Amino acid sequence: MPRYLKEEIIHWLQDDNQEKALFQKADAVRKETLGDEVHLRGLIEFSNICRNNCLYCGIRGGNALVKRYRLSEEELVQTAFNAANLGFKTIVMQSGEDLYYTADKLCRVIEKIKKFDVAVTLSIGERSYEEYKAFREAGADRYLMRIETTDKDLYHRLDPHMSWNHRHECLLMIRDLGYELGSGIMVGLPGQSIESVADDLLYLQSLPVDMAGIGPFIPHPQTPLAKEKGGTLKLALRTMAVMRLLMPDINIPATTAMESLHPQGRLMALQCGANVIMPNVTDTEYRKLYELYPNKICLNETAVQCRTCIGLKIKSIGRTIGTGYGGHIKHVEALKKENEE
Ligand code: SAH
């Protein structure tokens, strides 16, 4: 893996004069390593019920103004089935930390969804080793959990009653159970320094992650951080581009939060390092209730509309839509070998 010094990373993140060169370099590395395919993931937001109280998050347990919902097992499986029919080869199941969904229930759901010939990614936060193991055995392929920040003091201020070390240990467990490991951070958190963002990138490289997302923090009016400034698209894109230089072969999404700040945010991201997009396939009635941050895009769209729109956008910049499961290339290569033997 390419080695960069923290000083170099900070320089890339800060220097306006270098931005164009950084974006071009990240785009070239993406093209050379992964080609022009953009992999799509169908994102199902299946519950906004959360036992945690993260200061930045719109669906934090303490936000009494949120109307709570959770999909039943049947609805969840049906949503995944519809997404698979639309051509999605990866289903991402994301939720708040909702313990109603026990390992037994989730394993049942995963087993059913795996029958639709898709890769399954879980993004449901911190669970026990036994639970992670059970999900994996039920067929879950990938796990997505952002470390959010590696500044432990900041983490503990923003995520009361949670432990940074524990989240880190969860990521190691997930990795060691053979999942494709996804993580990531937010940029522009109140009190977060550029040095700390550089540390975050080096941390993600050290895990190492198979996929990682960078999102700008967007203040939610019903949270204690309502009056904070929030992250800029510029910093999010730069951070993402540097991440591409640090890890040429990982999967990097053009994140939804980027598009919430700019109508072309995701296309811009695809042109400076990203190779993945996660269109929302959640039923329209639930989308607005899964409001992590305000101005979330595509609130009134259906899964079909999102799939069509994103397909056109991807084509408009001369890229193609991935036809495989779109895992990390090391897994794709391993599968190919297995099939040849
Ligand atoms: N409960 C799961 C899913 C969390 S929601 C878990 O713990 O992993 C997915 C991501 O949304 C979070 O990891 C966080 O990085 C991001 N997010 C939450 N609130 C946000 C905000 N106000 N602005 C931008 N991103 C936010």
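Read the numbers this way: they start at 1 and go in the same order the structure lists the ligands and their atoms. Side chains included, hydrogens not; waters and symmetry mates left out as well; all remaining heavy atoms used. What you are looking at is a predicted structure, and each value in this text was computed from that prediction instead of being measured.
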Asks: Shortest non-hydrogen contact from C298 to R287?
Replies: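 Closest approach of C298 to R287, heavy atoms only: O-NH1, 2.9 Å.
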
Asks: Using the salt bridge (Lys or Arg N to Asp or Glu O under 4.0 Å) rule, pick out the option among R70, R127, K105 that qualifies with D98.
Replies: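 That would be R70; it is the only one of R70, R127, K105 passing the salt bridge (Lys or Arg N to Asp or Glu O under 4.0 Å) with D98.
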
Asks: Below 3.5 Å only, please: the N or O atoms of ligand 1 paired with protein N or O atoms, distance on each line.
Replies:
| unit_1 | atom_1 | unit_2 | atom_2 | d |
| --- | --- | --- | --- | --- |
| ligand 1 | 1 (N) | S95 | O | 3.0 |
| ligand 1 | 7 (O) | R167 | NH2 | 3.2 |
| ligand 1 | 8 (O) | R167 | NH2 | 3.4 |
| ligand 1 | 13 (O) | E148 | OE1 | 3.4 |
| ligand 1 | 13 (O) | E148 | OE2 | 2.6 |
| ligand 1 | 15 (O) | R146 | NH1 | 2.9 |
| ligand 1 | 15 (O) | E148 | OE1 | 2.6 |
| ligand 1 | 22 (N) | Y56 | O | 2.9 |
| ligand 1 | 22 (N) | I218 | O | 2.8 |
| ligand 1 | 22 (N) | L292 | O | 3.4 |
| ligand 1 | 23 (N) | I218 | N | 3.0 |

Asks: Would you call K330 and D249 a salt bridge, taking side-chain N to carboxylate O under 4.0 Å as the test?
Replies: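 Salt bridge flag = no for D249 with K330.
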
Asks: Just by distance, no angles: are the side chains of Y56 and D159 close enough, under 3.5 Å, to form a donor-acceptor pair?
Replies: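 The criterion, which ignores hydrogens and geometry beyond distance, is satisfied for D159 and Y56.
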
Asks: Check step by step if salt bridge (Lys or Arg N to Asp or Glu O under 4.0 Å) holds for K115 and E111.
Replies: CA-CA 7 Å; K115 298 214 169 90; E111 277 163 17; over 6 Å; no

Asks: With no hydrogens and no angle check, is any side-chain donor or acceptor of T33 less than 3.5 Å from a backbone partner on R30?
Replies: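 The answer is no, because no donor-acceptor pair under 3.5 Å joins these two groups.
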
